[in-house]
Protein chains: 2
Amino acid sequence: MNIRTICLAILAHGEASGYDLKKHWEDGPFFHLGGASFGSIYPALARLEQEGLVASREETQPGKPPRRVYSLTAAGSKAFIEDMSAAPEPDVFRSHFGIIALCAPFLSRETVARAIDERLAQQRAEVSTLEPLVESERHSTSGWLVDWGVTQFKNEIAFIEKNRSRLEALAGTAKPGEHLPVCALHDTDTQTAAE
Amino acid sequence: MNIRTICLAILAHGEASGYDLKKHWEDGPFFHLGGASFGSIYPALARLEQEGLVASREETQPGKPPRRVYSLTAAGSKAFIEDMSAAPEPDVFRSHFGIIALCAPFLSRETVARAIDERLAQQRAEVSTLEPLVESERHSTSGWLVDWGVTQFKNEIAFIEKNRSRLEALAGTAKPGEHLPVCALHDTDTQTAAE
DNA sequence: GTCGTCATGTAATTCGTTACATGATTTT
DNA sequence: AAAATCATGTAACGAATTACATGACGAC
């Protein structure tokens, strides 16, 4: 999922300026899906225009700087649909919290407890951003996505609350210098060592 | 979450070569957390060694090329704990499926249906990778993470199965050229247009 | 005799971020 | 008077990927 595709996806909803695109990501409830800086948006739009996938017109507005408004061309629309139809690479979430959970035996109880608290706070914050939208977006385009998000975050919160003591109990259980397999499955070291 | 941190996290479990590190990511059940190529692992290890966070020794093995085995130094251990204690940036998942859900009105029913099927297949594949580990890893370091993953994936599958018709019903509902707000909340265009 | 595994590394390229540069207007 | 908002863009930099280069050994 590159910026180009996200630009096309947002422009499919209607024309927008580079500034608008950034606002959709930063202030919108879907910032999980993106988040991009001007330094990548403007060049991306310029390149899309060069490729003929978007067209732009300058819009002068009184009392404000002129804005360059982009919209999909027919070719852009086609490219967007092709992008959406392409087989997706599996989602990768490089999660700080996941690494902490994996490394709990090497970390102090306080570190683990704090990580759990922070994770819960973060997921709760996401829920309180999205939950008010469930009603207002029920019959809009984004209603489904809002529900998806709320459900995911709530489920994770429930899981962590239920299993936090089990994770905290793992904290600090590795003696200094102790060798633990990352995952017992494919750790050939331990097997070789045992032979 | 950069490669450096993941290297430290895996090396905290015990010494490993660059080749080992890659295997932990690619073949292990935790590839969601990472996935990195040799082109990034080897330079990362070299830099960590320069900084004094890891030490290496060459291990000659009969019939196989010699391997350079890395392990954390005291400074590396400290750096690892600091990295883990640092406040995490909120997880961002740039999800292809999420974008499709958001753009359903602009896509055909077939495209949306296929995307749903692919998503379900993908999440089910993750479950069948992780589920067999629930038992074997129950009392190991990674047990918690395995449970976390299984729960997350199963919950998402359940949600999609329950709500797929609702998403499919949205497909193709936008007329060509129609302007739809990405999210009703902060779409000033529609409000301005309505004034 | 070719392909897969073990093993390390470099170079070119892509993608994106941060910081910088500019400038009018409105709010505090 | 300072700060925030609207608005666009470039340049330097960083992080990671892909592709390339090398080479021995074992399996089929």
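Convention: sequence-line order gives letters A, B, ...; per-chain numbering from 1. Here the structure is a predicted model, which is why all the values come from computation and not from measurement.
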Before giving the answer on side-chain contact (heavy atoms from CB on, under 4.5 Å), spell out for A:E131 and A:K154 the whole-Å C-alpha distance, their side-chain angles and the decisive distance to 0.1 Å.
-> CA-CA 10 Å; A:E131 197 143 57; A:K154 281 192 172 173; 2.6 Å; yes
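- For the pair B:H24 NE2 and C:dC6 P, the computed distance is 13 Å after rounding to whole Å.
- The phosphate of C:dT14 (OP1 or OP2) has no side-chain N or O of A:R4 nearer than 4.0 angstrom.
- With respect to A:D117 and A:R164, a salt bridge is recorded, a charged nitrogen being found less than 4.0 Å from a carboxylate O.
- Set against D:dT5, C:dA7, D:dG9, the side chain of A:R68 has D:dG9 as its closest nucleotide.
- Checked by atom type, the side-chain pair B:S85/B:E82 shows no donor-acceptor distance below 3.5 Å.
- Smallest separation of non-hydrogen atoms from A:A44 and A:C7: CB-SG, 4.4 Å.
- Pairing each heavy atom of B:E168 with each of B:A113, the nearest pair is OE2-CB, 3.5 Å.
- In this structure, CZ on B:F97 lies 8.5 Å from CG on A:L145, to the nearest 0.5 angstrom.
- The rotation axes computed at either terminus of the helix from C:dG1-D:dC28 to C:dT28-D:dA1 lie 30° apart, taking five pairs at each end and rounding to 10 degrees.
- Taking atom CG of A:N2 as the reference point, atom C1' of C:dT13 lies 15 Å away to the nearest angstrom.
- Atom CG of A:D20 and atom C1' of D:dT5 are 13 Å apart (whole Å).
- Between the A:S40 side chain and the A:A36 main chain, no donor and acceptor come within less than 3.5 Å of each other.
- If you check C:dT17, D:dT5, C:dA7 against the side chain of A:Y19, the one that comes closest is D:dT5.
- Between B:F38 and B:Y19, the ring planes are parallel. Angles under 30° get that label, and only those over 60° would be called perpendicular.
- Nucleotide D:dG23 holds its P atom 19 Å from the CD atom of B:Q61, rounded to whole Å.
- Nearest heavy atoms, A:H96 versus B:P88: CD2-CB, 3.4 Å.
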When every nucleotide of nucleotides 19-28 of chain C is labelled 5' to 3' by its protein contacts under 4.0 Å (heavy atoms), B for base, S for sugar-phosphate only, - for none, what sequence of letters results?
-> ----B-S---
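- We find that CD1 of B:I3 is positioned 15 Å from C1' of C:dG9, with the value rounded to whole Å.
- Near-neighbour residues of DNA chain C inside residues 40-60 of chain A, defined by a heavy atom below 4.0 Å, number-ordered: A:S40.
- Atoms CD (A:E89) and P (C:dC15) sit 12 Å apart, rounded to a whole Å.
- An OP1 or OP2 oxygen of D:dA7 is reached within less than 4.0 angstrom by no side-chain nitrogen or oxygen of A:S17.
- The nucleotide whose nearest atom lies closest to any side-chain atom of B:K23 is, among D:dC6, C:dT17, C:dC6, C:dC6.
- Regarding A:K22, its NZ atom lies at a distance of 11 Å from the C1' atom of C:dT18, rounded to whole Å.
- Between B:D147 and A:K162 no salt bridge is recorded (no basic side-chain N to carboxylate O distance below 4.0 Å).
- Contact between B:E49 and B:S56 at its shortest, heavy atoms only, is OE2-OG, 2.8 Å.
- In this entry the distance linking CH2 of A:W25 with C1' of C:dT17 reads 14 Å, nearest Å.
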